[in-house]
Amino acid sequence: MSALHDHLRARLLAACQSLGIDAAVAAPLLRLDPPKNRDHGDVAFGAFQLAKAVGKAPPALAAELAAAVAADAVIESAAAAGPFVNFRFRRDALARDVLGAIQRGDAPYGRSTKGGEVVCIDFSSPNIAKPFHIGHMRSTVIGNALCRIWRHLGATVHGINHLGDWGMPFAKMMTAYMRWGSETELHQSPMRYMFELYKRYSREAKDDPALDEAAAKHFQALESGEDNQERRMWQLLRDESLKAFQGPYARLGVTFDHVTGESFFEDKMAGAMQRVTAAGVLEESDGAEVVWLKELGIKEPCILRKRDGTTLYHTRDLAAVFFRESAYRPTRILYVVGAEQKLHFDQLKGVLTKMKEPVAQAVEHVPFGLVLSRTEEGKWEKFASRAGNAVFLDEILDEAVAKVREVIRQKNPDLPDADAVAEQVGVSAIVFNDLKNSRIKDVKFDWDAMLTFEGETGPYVQYACARLSSILRKAEAPVPDVAAVDCAVLADAERVLLTMMDFGSAVQRAAEQSEPSCVTGHAIALAGEIHSYLRDHYVVGQEPRVRDARLVLVDCARKLLTTGLGLLGIAAPERM
RNA sequence: GCGCCCGUAGCUCAAUUGGAUAGAGCGCCAGACUACGGAUCUGGAGGUUGGAGGUUCAAUUCCUCCCGGGCGUGCCA
């Protein structure tokens, strides 16, 4: 993970051998962790498992190991504390190693050049029959962060926008438009207009079953593949939606490697169905074609073709898996989709498993919780804006940006480019909030807390970056190379350095668990440590030896925070 | 009914996958340099980790049951 850790592990392994423990036994058990309490040391080794393997009591083994690891140029001390061995690095070595790696852009602080994973990430995937609202944001920002995190680790990433541009929801939209729509109004404000049509359809369909029947007919006509009215309508509505989506995507800093919606798989479903049939797992049930998954513990069958002959979500997702498998050769296919669709992805994976397709093990659902807002009575329920039911993402971002603009007017009235900065900070506050907690948790959207920008927020981390940038601007010297400074003077920055050292494992965990909050948490922690450090440690005006060392520290902190925010899709302004 | 998820300080969440004295932010109380950004920092109060069993040297974490909340459950996505 770092040169320091490698060195420590080697010393520990040698110590094991000196105690007569077989290296092959010891090596896999030498896990180094940050201690629960940093006062104990920089790195800890819990001797439990190794002790069991060699038949000793953990505290006794820990004591022997501590005694067998003598101090050297890197290790300051090794001390047993019960069943743990706590190690401390020499402060100058710690600073030199961490800051040097950050300055050079070495992994894990910089982007890794090696990494064999090929990761498909299916995210955002809005339904083009509906407006881009707050509910779409979670998949979008989580997926975006995962793309960036995996790329940082050296993986080949395919970010895919699997647009909902096919199927019944779209057919309903089409039906509404064909009945009541006007092209002039559509072009004026496509998303809002479509939203109106959508609402009208929902209202009227309640009392008029003929609407849904008409929609089903239109979908059949669309799926017939003929060049008809439905197809032209589909093209028009799809184009307009895609254009409109560029707004939120640009604001959120999101890009895709492939925009292949459900419609893209229109001509690939027949092949997929053949493959399912050939595997001998397709069965007829009530006129539909299904795959039963009872032996995999799933009671509901996966329906691949409806009684009326048309396809479903599952059919297209299955075709998509096969397409991605042959086009990208992925080691993982991640679906960043709400937790309420767990069954769907269990079924998808189940069908592939039953077909004995190796790609089954690559398929992984990355679920997340809902977005909730607080009601008058203080209860949490599905998100509604403060005004009422308009839930367009743009409006939410606008409100956050407006609030930031006000804060800037109060605190930094002379800021150049204030509008651009307000946009960056406001949008990032919303994004950061979404990525702050474990993704499976519902996001509780508390406007009052969100718009104060104090504490664990995006602006808090950005503020740290701006403050560090400010110091670098005011310093009367350029940032030197680590090799040219006296790292011993950074002994007082140990907390900052140790937090920096955690960056690699945070990013690694974020990828392994598909959990961007690991990165968010690290950014908050590092921002907090550097803020605390700056309180009592000045840079400007110090004697050159101290100033230069601190300049390196400040510069590296700024770099690493910027990298962390970048992994989350968030910009780090120089001033705010 | 069945399946899955969640339950930790007043509120919102952590706890690096089973390890040391369960930590942060908000809120509350008390404070901070006539020097680099106060969107900050320092200190304090606040806990039977929903409940009961079990496994383990060790449980917020794993198992069983119960309680509370959410989501899903055959032709929507």
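Computation of the quantities below employed the complete heavy-atom set of this structure, encompassing side-chain atoms and omitting hydrogens, waters and symmetry-equivalent molecules. Throughout, a chain's letter reflects where its sequence line sits, starting with A, and its residues are numbered from 1. Everything numeric in this text was worked out from a predicted model, so none of it was measured.
No donor-acceptor contact under 3.5 Å links the side chain of A:Thr457 to the base of B:G25. Between the side chain of A:Tyr538 and the base of B:C33, a donor-acceptor pair under 3.5 Å is found. Contact of A:Asp536 with B:A32 (side chain to base): no donor-acceptor pair of N or O atoms is detected under 3.5 Å. A donor N or O paired with an acceptor N or O is not found under 3.5 Å between the base of B:U16 and the side-chain atoms of A:Gln508.
Look at A:Tyr463 and you'll find a side-chain N or O under 4.0 angstrom from OP1 or OP2 of B:A39. At B:C13, one or more side-chain N or O atoms of A:Lys444 fall inside 4.0 Å of OP1 or OP2 (strictly under the cut-off).
Between A:Asp434 and A:Lys436, no side-chain nitrogen of the basic residue sits less than 4.0 Å from a carboxylate oxygen of the acidic one, so the salt-bridge criterion is not met. Between A:Arg405 and A:Asp419 a salt bridge is recorded (basic side-chain N to carboxylate O distance below 4.0 Å).
Nucleic acid contact for A:Trp380: sugar-phosphate only, since backbone atoms but no base atoms lie under 4.0 Å from a heavy atom of the residue. Residue A:Ser470 is in base contact, counting any heavy-atom pair closer than 4.0 Å across all strands shown. Across all strands, A:Ala449 comes closer than 4.0 Å to no nucleic acid atom at all (heavy-atom distances).
Stacking is not found between A:His344 and the pyrimidine-like six-membered ring of the B:A77 base under the 5.5 Å centre-distance and 30° plane-angle cut-offs.
Of the candidate nucleotides B:A15, B:G74, B:G37, B:G74 has the atom nearest to the side chain of A:Asp286. Of the candidate nucleotides B:G74, B:A35, B:C6, B:C6 has the atom nearest to the side chain of A:Lys441.
Looking at A:Pro34 and A:Val43, their side chains never come closer than 4.5 Å, going by heavy atoms from C-beta outward.
Taking syn as a glycosidic angle within 90° of 0, B:U17 qualifies as syn.
Across all strands shown, nothing is found opposite B:A9 as a Watson-Crick or G-U wobble partner with both distances under 3.5 Å.
Counting only N and O atoms by type, the side chains of A:Arg550 and A:Tyr533 include a donor and acceptor under 3.5 Å apart.
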Q: Starting from the C-alpha separation in whole Å, work towards a yes-or-no answer on ring pair (Phe, Tyr, Trp, His ring centres under 6.0 Å) for A:Phe87 and A:His5.
A: CA-CA 11 Å; A:Phe87 299 95; A:His5 283 83; over 10 Å; no
